[in-house]
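Quick caveat: nothing in here was measured; it's all calculated off a predicted structure. In what follows, every chain begins at residue 1, and chains take the letters A, B, ... in the order their sequences are listed.
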There are 2 protein chains.
Amino acid sequence: MSTSIPETLRSHGIQPSAQRLAVAEYVLDTTAHPSADQVWGKVRERFPMISRATVYNTLNLFVARGLLRQHALSEGRVVFDPNTEPHHHFIDETTGAIHDVPWDAVDVRRVAELRGLDVREYQVVMRGRRKGKAEKA
Amino acid sequence: MSTSIPETLRSHGIQPSAQRLAVAEYVLDTTAHPSADQVWGKVRERFPMISRATVYNTLNLFVARGLLRQHALSEGRVVFDPNTEPHHHFIDETTGAIHDVPWDAVDVRRVAELRGLDVREYQVVMRGRRKGKAEKA
DNA sequence: TCACCCCCTTGGACTAAGTCTAGACCTCGA
DNA sequence: TCGAGGTCTAGACTTAGTCCAAGGGGGTGA
Ligand SMILES: [Mn+2]
Ligand SMILES: [Mn+2]
Ligand SMILES: [Zn+2]
Ligand SMILES: [Zn+2]
């Protein structure tokens, strides 16, 4: 039982509105790492009159208030991620899909010892193919 | 005493031309991780008639032939990197500058053990500020 | 030397991602 | 009821990047 979406928005200082709820319902509950235009496409299925500018404004607002993170992992694609905890990413070179990798699944050491660099955050970005699971037709 | 630039191009299967040499002279010898349009701006200083399309074509060709790597590290910026050996990157949040971090300066373990993922390559992407060196005016 | 061919370069059209703006529209409190 | 602020919208605008059709240039063989 988690808090309702309007509550979540308010607790991050965001005034709920019909459009913002429609965006939040999709983007706060996906692991697909969608782009802004993909979010627009998805939200329009249930809310056809929402404008592109509103989706961009809403996503940028959510990022500014810490509800979402924004990543530029693969060429030219900026994506949104509701997982705001530290974690790593794996990019499937075949499909372009981005998968989360739990923070503790990888060991990274000696980052804090780098001379001259004050590292505030970091992640491991991996590329390759998903194993097993025969390719879907 | 390294090989000449025309030799380098030929050894990667690239026919030298005046334009390609001008691009190569700059981009194979920078640590600045420039964008395509930054390369265009720089090359035009010495070769003012070179077209934008040629710079993009040349950079893409260099990437295809393994002379350059392309990275999308920070939001919306695709940059070119003549360092084709494995290494990590540090992004200065203040200036946006991208710095190379030697492969051995960081320890990454257990990447190969990830179940279901065939990791072909990876790097650590770090963000923060450069220490020391008072900010330049 | 000349002609031909192939590759290269060029400017401009085109596309896609993203931002900005001006006005319409809500909502809520006085 | 009214006004003020905040929100939404369509469309113009910007920027990165690709595509295209036409022109140019250099090597090779006659
Ligand atoms: Mn939060
Ligand atoms: Mn090489
Ligand atoms: Zn993620
Ligand atoms: Zn680099």
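Atoms CG (A:N57) and P (D:dT7) sit 10 Å apart, rounded to a whole Å. Look at CZ on B:R10: it is 17 Å from P on C:dC7, rounded to the nearest Å. Atom CG of A:N60 is separated from atom P of D:dC8 by 13 Å (rounded to the nearest Å). When the P atom of D:dT18 is taken as reference, atom CD of A:E75 falls 7 Å away, rounded to whole Å. Rounding to whole angstrom units, CG of residue A:L9 and C1' of D:dG6 are separated by 15 Å. When the P atom of D:dT15 is taken as reference, atom CG of B:D37 falls 10 Å away, rounded to whole Å. Atoms OH (B:Y56) and C1' (D:dC19) sit 14 Å apart, rounded to a whole Å.
With contacts defined as side-chain heavy-atom distances shorter than 4.5 Å, the pair B:V55/B:T58 does not qualify. You'll find the side chain of A:Q123 reaches within 4.5 Å of the side chain of A:V125, heavy atoms only. Side-chain contact between B:R69 and B:N83 is absent, with no heavy atoms from C-beta onward closer than 4.5 Å.
Residues from residues 18-35 of chain B placing a heavy atom under 4.0 Å of any atom in DNA chain D do not occur. Taking a 4.0 Å limit (strictly below) on heavy-atom distances, residues 39-55 of chain A reaches DNA chain D at A:M49, A:I50, A:S51, A:A53, A:T54.
Evaluation of the salt bridge (Lys or Arg N to Asp or Glu O under 4.0 Å) rule for B:R109 yields B:D107 as partners, not counting sequence neighbours. Not a single side chain to side chain donor-acceptor pair (under 3.5 Å) links B:S74 to another residue, sequence neighbours left out. Remark: A:N60 pairs with no residue by the side chain to side chain donor-acceptor pair (under 3.5 Å) rule, at least two apart or across chains. Under the side chain to side chain donor-acceptor pair (under 3.5 Å) criterion, B:S51 pairs with B:T54, not counting sequence neighbours. The side chain to side chain donor-acceptor pair (under 3.5 Å) search around A:S17 returns none, not counting sequence neighbours. Taking B:R120 as the reference, A:E93, A:R129, B:D118 meet the side-chain contact (heavy atoms from CB on, under 4.5 Å) condition, with sequence neighbours excluded.
Taken together through direct or relayed side-chain contacts under 4.5 Å among Ile, Leu, Val, Met, Phe, Trp and Tyr, A:L73 and B:V124 form parts of separate hydrophobic clusters.
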- Go along nucleotides 24-30 of chain C 5' to 3' and tag each nucleotide: B for a protein heavy atom under 4.0 Å from its base, S when only backbone or sugar atoms are that close, - otherwise. -------

Pairs under 3.5 angstrom only: tabulate donor-acceptor contacts from the side chains of residues 18-34 of chain A to other protein residues two or more places apart or in another chain.
residue : atom : partner : partner atom : Å
A:R20   : NH1  : A:Q15   : O            : 2.8
A:T30   : OG1  : A:A32   : N            : 3.0
A:H33   : ND1  : A:T31   : O            : 3.1
A:H33   : ND1  : A:I98   : O            : 3.3
A:H33   : NE2  : A:D81   : OD2          : 3.0
A:H33   : NE2  : A:H89   : NE2          : 3.3
A:H33   : NE2  : A:D100  : OD1          : 2.8

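Every pair passing ring-ring contact (aromatic ring centres under 6.0 Å, His included) that includes a residue from residues 92-117 of chain B is listed here, sequence neighbours excluded: B:H88-B:W103, B:W103-B:Y122.
OP1 or OP2 of C:dC7 has not a single side-chain nitrogen or oxygen of B:S17 nearer than 4.0 Å.
In this structure, the helix from C:dT1-D:dA30 to C:dA30-D:dT1 shows an angle of 0° between the axis at its start and the axis at its end, each fitted on 5 base pairs and rounded to 10°.
Judged by distance alone, the side chain of B:W40 and the main-chain N or O of B:I50 form a donor-acceptor pair under 3.5 Å.
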